[in-house]
Amino acid sequence: MTIQAWCRPIVVGAVLLVGGCAATMPAAEPDKQAMTRVWPEPPADPRISYVRSFSRPADLGIKKGFLERLAEFFVGESDAHLVRPMAVVETPDGTLYVADPGAKGVQCFDVRRGRYRLVQGVDAAILPSPVGLTIGARGEVYVADSALAQILVIQPGAKQAKPMALETSLRQPTGLVFDPVGQQLFIVDTAAHQVVAIGLDGKERARFGQRGDGDGNFNFPTLIARDRDGRLYVTDSLNFRIQMFDSAGRFLGRFGRLGNATGDLSRPKGVATDRFGHVYVVDSMFHALQIFDRNGVFLLAIGSQGRAEGEFWLPTGLFVSEDNIIYIADSHNQRVQVLRYIGTQP
């Protein structure tokens, strides 16, 4: 597969922008016109297709239960919806979790069971700034709250997030990713310009990075991803690049630079990988999703500022499922957009 085959139809229109599986999707069919939107555009072979977006439980076929309808009869109708989604994940049982500081919690869409709930802290304590999510080995969801400087855990089916007992300090945790091999969390501490490895017992195992622009240094990093080989990808946001490390924190490489051409970065935020080795990067200032190979070679860009399908407004978090479904927290459009990788394996 050549780079040109990926990107030649979209160089002018999709990235020169200055400015969180099918079986888990609801039974209702998406809009047929929306389903036909693909990138790159014909006559090139399509690699990414638009699936749908959602903002409310009803968008995913989730109806209000009897008790909820009964309560609304007395206190008035409620309207649960995404306010400022920052991160999204899908657990193995098909449940979607969306970190939403605007809602002061994590919004949970249990699509298979047709249930919705807002998960907050113990005794309904608000979560002022949930900005990062990752999935643990047993389907639990770890939440980074940057204002509380805490990592919290949502067990499957739980109605509250409980703080981890950490034997280390964090200044401003943002992105985090679970390492199933080391049974640990890699946490981006934005204010400390570091990545911290913490065991599930709460003990610090390692930390790497300091403020700077050299290899292995950071300038307000934000989010992090891990590929199948254990390589870590960190969005070094104000150095306008992605840095790559092994599981021991050793620097492996970097890609990206400040600019407005294809493959350049302005405010990289969300980062994710798929099983084919692609690296997906959300850039908030470009209002776009850019796709690279695992070595940082640019392949494709999707999006511009707007509200239509495949357009974004300050997108942030990103998640790619095992079934090639791409979830993007389209923050200021108050929705999650859902795409799918439909290309062949490189």
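- Under a hydrophobic-cluster definition in which Ile, Leu, Val, Met, Phe, Trp and Tyr are linked whenever side-chain heavy atoms come within less than 4.5 Å, directly or via other members, V89 and L82 are assigned to the same cluster.
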Pair up each side-chain donor or acceptor in residues 152-173 with any protein partner under 3.5 Å, not counting sequence neighbours, and list the distances.
{"from": "T168", "atom 1": "OG1", "to": "E204", "atom 2": "OE1", "distance (Å)": "2.4"}
{"from": "T168", "atom 1": "OG1", "to": "R207", "atom 2": "NH2", "distance (Å)": "3.4"}
{"from": "R171", "atom 1": "NH1", "to": "A191", "atom 2": "O", "distance (Å)": "3.3"}

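- For residues 196-236, every residue pair satisfying the ring pair (Phe, Tyr, Trp, His ring centres under 6.0 Å) rule, not counting sequence neighbours, is listed here: H193-F220, F208-F245, F218-F245.
- Contact between V234 and P221 at its shortest, heavy atoms only, is CG1-CB, 4.0 Å.
- Residues satisfying the salt bridge (charged side-chain N to carboxylate O under 4.0 Å, His left out) criterion with D110, sequence neighbours excluded, are R113.
- Under the salt bridge (Lys or Arg N to Asp or Glu O under 4.0 Å) criterion, the residue pairs touching residues 279-296 are D227-R294, D229-R294, with sequence neighbours excluded.
- Under the ring-ring contact (aromatic ring centres under 6.0 Å, His included) criterion, F240 pairs with no residue at all, not counting sequence neighbours.
- Nearest heavy atom pair, residue Q184 against residue A197, reads OE1-CB, 3.8 Å.
- Within 6.0 Å of the CZ atom in R115, the count of heavy atoms belonging to other residues, nucleotides or ligands does not exceed 12.
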Problem set entry | Residue pair V143, Y97: steps toward the side chain to side chain contact (heavy atoms under 4.5 Å, CB included) verdict | CA-CA 10 Å; V143 184; Y97 291 82; over 6 Å; no
Stepwise, does the side chain to side chain contact (heavy atoms under 4.5 Å, CB included) test hold for L148 with L127?
CA-CA 8 Å; L148 296 176; L127 302 182; 4.2 Å; yes
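- For R228, the side chain to side chain contact (heavy atoms under 4.5 Å, CB included) test picks out R275, E322, with sequence neighbours left out.
- The salt bridge (charged side-chain N to carboxylate O under 4.0 Å, His left out) search around D179 returns R226, not counting sequence neighbours.
- N219 and R211 share a donor-acceptor pair across their side chains, judged by distance under 3.5 Å alone.
- For the pair I48 and I342, the tightest heavy-atom approach, listed with the atom from each and the gap, is N-CG1, 3.9 Å.
- With sequence neighbours left out, L252 forms a side chain to side chain contact (heavy atoms under 4.5 Å, CB included) with R231, M244, D246.
- Here the shortest heavy-atom pairing between A288 and G303 reads CB-O, 4.2 Å.
- Judged as a salt bridge (charged side-chain N to carboxylate O under 4.0 Å, His left out), and not counting sequence neighbours, the contacts of R254 are D215.
- In this structure, Y327 and F54 have perpendicular ring planes: the angle between them is above 60°, well past the 30° mark.
- Under a hydrophobic clustering in which Ile, Leu, Val, Met, Phe, Trp and Tyr are joined whenever their side-chain heavy atoms come within less than 4.5 Å, directly or via other members, V131 and I224 fall into different clusters.
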Sequence neighbours excluded and cut-off under 3.5 Å, please list the side-chain donor-acceptor pairs for residues 102-109, or say none.
{"from": "Q107", "atom 1": "OE1", "to": "Y116", "atom 2": "OH", "distance (Å)": "2.6"}
{"from": "Q107", "atom 1": "NE2", "to": "H81", "atom 2": "O", "distance (Å)": "2.9"}
{"from": "Q107", "atom 1": "NE2", "to": "D100", "atom 2": "OD2", "distance (Å)": "2.9"}

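- Partners of D145 by salt bridge (charged side-chain N to carboxylate O under 4.0 Å, His left out), not counting sequence neighbours: none found.
- Residues meeting the side chain to side chain contact (heavy atoms under 4.5 Å, CB included) test with S331, sequence neighbours left out: R84, M86, T316.
- There is no side-chain donor-acceptor pair under 3.5 Å between S321 and D323.
- At distances below 3.5 Å, at least one donor-acceptor pair connects side-chain atoms of Q334 with backbone N or O atoms of V83.
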